[in-house]
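Report on one structure; see the data block that follows.
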Amino acid sequence: MIDPRHRIILHIDMDSFYASCERRENPALAGKPVAVCIFSGRDADSGAISTASYEARALGVKSGMPIKLAKKIAPQAIYLKANFSLYQGISDSIMSIARARFKATQQASIDEIYIDASFEASGDYSIAEKLARELKAEIFEQEMLTCSVGIGRNKLVAKMASDFQKPDGLTIVRFEDTEKFLSPLPVKKLVGIGPKTEEALAKEGITTIGQIAGAESARLVEVFGESRGRWLFDAARGIDNEPVAERDMPAQMSRIGTMKKDSQDPAEIAAFCAGLFETVADDAREAGIAFGTISVMLILANLKMHTKSRKFPRPMSGSEPAVKTEIESLVARFFEENPYAVCRRAGVRVSDLEKKEGQKSLFDY
DNA sequence: CTTCGGCTGACGG
DNA sequence: CTAACGCCGTCAGCCGAAG
């Protein structure tokens with residue numbers, strides 16, 4: 001049944017993307033537990049797991065886990081250093097395939113894309129399913145990678161559907177099936193609910209999405225505040241009106257890194273930040289973007305993050321000496337306020353971004 | 001009163 | 001014996017100051 005009043009949204013999520021890219025480049029890895037690692041360089045195994053293949057997950061290796069811990073749990077797994085330029089290239093190819101087939105797309109991360117297929121599917125879920133299968137097939141044929149696809153009435157439902165069956169899944173949640181699909185799921189599965197909210201909901205005796213939907217909206221607002229309470233109330237019903245639309249520009253750009261040794265020396269930390277700033281400034285220049293605000297981020301030995309920031313009176317390109325001076329004074333100010341801080345990682349962020357004069361947006365063509 | 005600058009925290013890939 | 005720990009991005013909320 002065609003119902004043009006409703007959108008049909010697809011969410012494509014590549015399966016254990018980085019690990020799958022590595023396996024594609026080296027078929028000997030097929031069927032083996034593979035963990036893609038981001039090494040901090042501090043010592044041989046310091047760092048975190050970025051992506052674990054399904055075989056590695058079966059051994060208990062999870063993304064975000066310290067590498068040392070993963071190796072203790074699963075010494076037999078294969079640990080690889082992340083190769084981001086490889087993943088970026090493959091991502092670009094996959095995005096092109098999707099964009100060639102659908103007019104309304106939105107890249108959500110390096111390995112996820114939303115598609116508004118209302119037009120191509122004429123509002124018909126059966127057509128949408130066929131288009132999704134064809135897209136999966138093309139991605140597999142061209143890139144030798146599998147993905148999981150969710151189809152639903154909006155981005156929220158589509159994303160939760162893509163998560164429902166993986167890897168290589170396809171889950172369709174028709175408009176009228178939304179409640180049936182969501183209700184039994186644990187609250188943590190609702191995109192936007194993390195550990196903290198899960199805990200707070202548990203205190204209310206709420207563990208499933210259906211229970212959120214059944215809760216008093218006044219109570220949700222009381223516990224979680226106006227905005228978040230209303231969001232919970234709607235999201236638990238599968239209500240979400242976010243459009244599928246590419247963003248013109250990022251809101252911020254940042255680089256962060258781990259120092260070889262912990263430091264309490266403002267000059268040393270500022271120099272480290274200044275080096276990272278060069279790469280951010282290069283990225284911004286390349287994108288034709290100027291920035292209004294610079295921030296210094298400091299992660300202390302206890303892993304807590306602190307920031308210091310300053311808004312400039314006018315947009316900066318990055319080559320001005322004043323920016324580096326500002327980085328130094330932000331770091332200095334932090335240490336005046338926190339004289340005994342021990343810094344482990346440090347970074348810089350630029351925000352309040354705007355297109356530089358004479359730079360065309362993609363949409364001007 | 002609203003807005004802004006600065007900062008923290010939750011969340012997600 | 002335990003704890004072990006990356007990097008990038010979005011958004012909301014809070015606070016005090018400014019308009």
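Just so it is clear, the model here is predicted, and its values are computed rather than measured. The sequence lines fix the lettering, A, B, ..., with proteins before strands; numbering per chain opens at 1.
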Query raised in the report: Between C:dC5 and B:dG13, how far is it from one P atom to the other, in whole Å?
Result: 24 Å

Query raised in the report: Do A:Arg99's NZ or CZ and the ring of A:Phe102 fall within the cation-pi criteria of under 6.0 Å and 45°?
Result: no

**Report entry** A:Arg219/A:Glu204 ion pair, N-O < 4.0 Å
**Finding:** yes

Query raised in the report: Would you find a donor on one side and an acceptor on the other, under 3.5 Å apart, between the side chain of A:Asp15 and the backbone of A:Cys147?
Result: yes

**Report entry** A:Glu337, CD: over 12 other non-hydrogen atoms inside 6.0 angstrom
**Finding:** yes

Query raised in the report: Could you write nucleotides 3-13 of chain B as a row of B, S and -, 5' to 3', where a protein heavy atom under 4.0 Å of any base atom gives B, of only sugar-phosphate atoms gives S, and otherwise -?
Result: --SSSB-SSSS

Query raised in the report: Hey, is the main chain of A:Ile8 close enough, under 3.5 Å, to the side chain of A:Ser118 for a donor-acceptor pair?
Result: yes

Query raised in the report: Any cation-pi pair here, A:Arg57 with A:Tyr54, using under 6.0 Å and within 45°?
Result: yes

Query - Cation-aromatic face contact A:Lys71/A:Tyr79, 6.0 Å, 45 degrees - result: yes

Requested in this report: If a protein heavy atom is under 4.0 Å from the base, mark B; if only from the sugar-phosphate, S; if neither, -; do that for nucleotides 1-8 of chain C going 5' to 3'.
Outcome: --BBBBBS

Query raised in the report: Are side-chain N/O atoms of A:Glu129 and A:Ser126 paired as donor and acceptor at under 3.5 Å?
Result: no

Report summary line: Result for 5'-nearest mapping on DNA chain C, choosing between A:Met249 and A:Phe224, is A:Met249

Got a list of protein N/O to nucleotides 14-16 of chain C N/O distances below 3.5 Å?
none

Query - Face-on cation placement of A:Lys103 at A:Phe119 ring, 6.0 Å and 45° thresholds - result: yes

Query raised in the report: When you check the side-chain N and O atoms of A:Ser263 and A:Glu268, is any donor under 3.5 Å from an acceptor?
Result: yes

Query raised in the report: Do side-chain atoms of A:Ser254 reach the backbone of A:Val348 as a donor and acceptor pair under 3.5 angstrom?
Result: no

Report summary line: With both pairing distances under 3.5 angstrom for Watson-Crick or G-U wobble, and | for a partner in another strand, the correct string for DNA chain C is ......|||||||||||||

Requested in this report: I would like to know whether A:Phe164 and A:Phe181 meet ring-ring contact (aromatic ring centres under 6.0 Å, His included); could you show each step before the answer?
Outcome: CA-CA 10 Å; A:Phe164 189 74; A:Phe181 171 69; 5.3 Å; yes

Query raised in the report: With sequence neighbours excluded, what pairs up with A:Glu141 under the side chain to side chain contact (heavy atoms under 4.5 Å, CB included) test?
Result: A:Ala137

Query raised in the report: Looking at A:Phe334, does the NZ or CZ of A:Lys308 lie under 6.0 angstrom from its six-membered ring centre and within 45 degrees of the ring axis?
Result: no

Atom pairs, protein N/O to nucleotides 17-19 of chain C N/O, distance under 3.5 Å:
none

Requested in this report: Consider only side-chain N and O atoms of A:Ser46 and A:Ser40, and report whether a donor and an acceptor are under 3.5 Å apart.
Outcome: yes

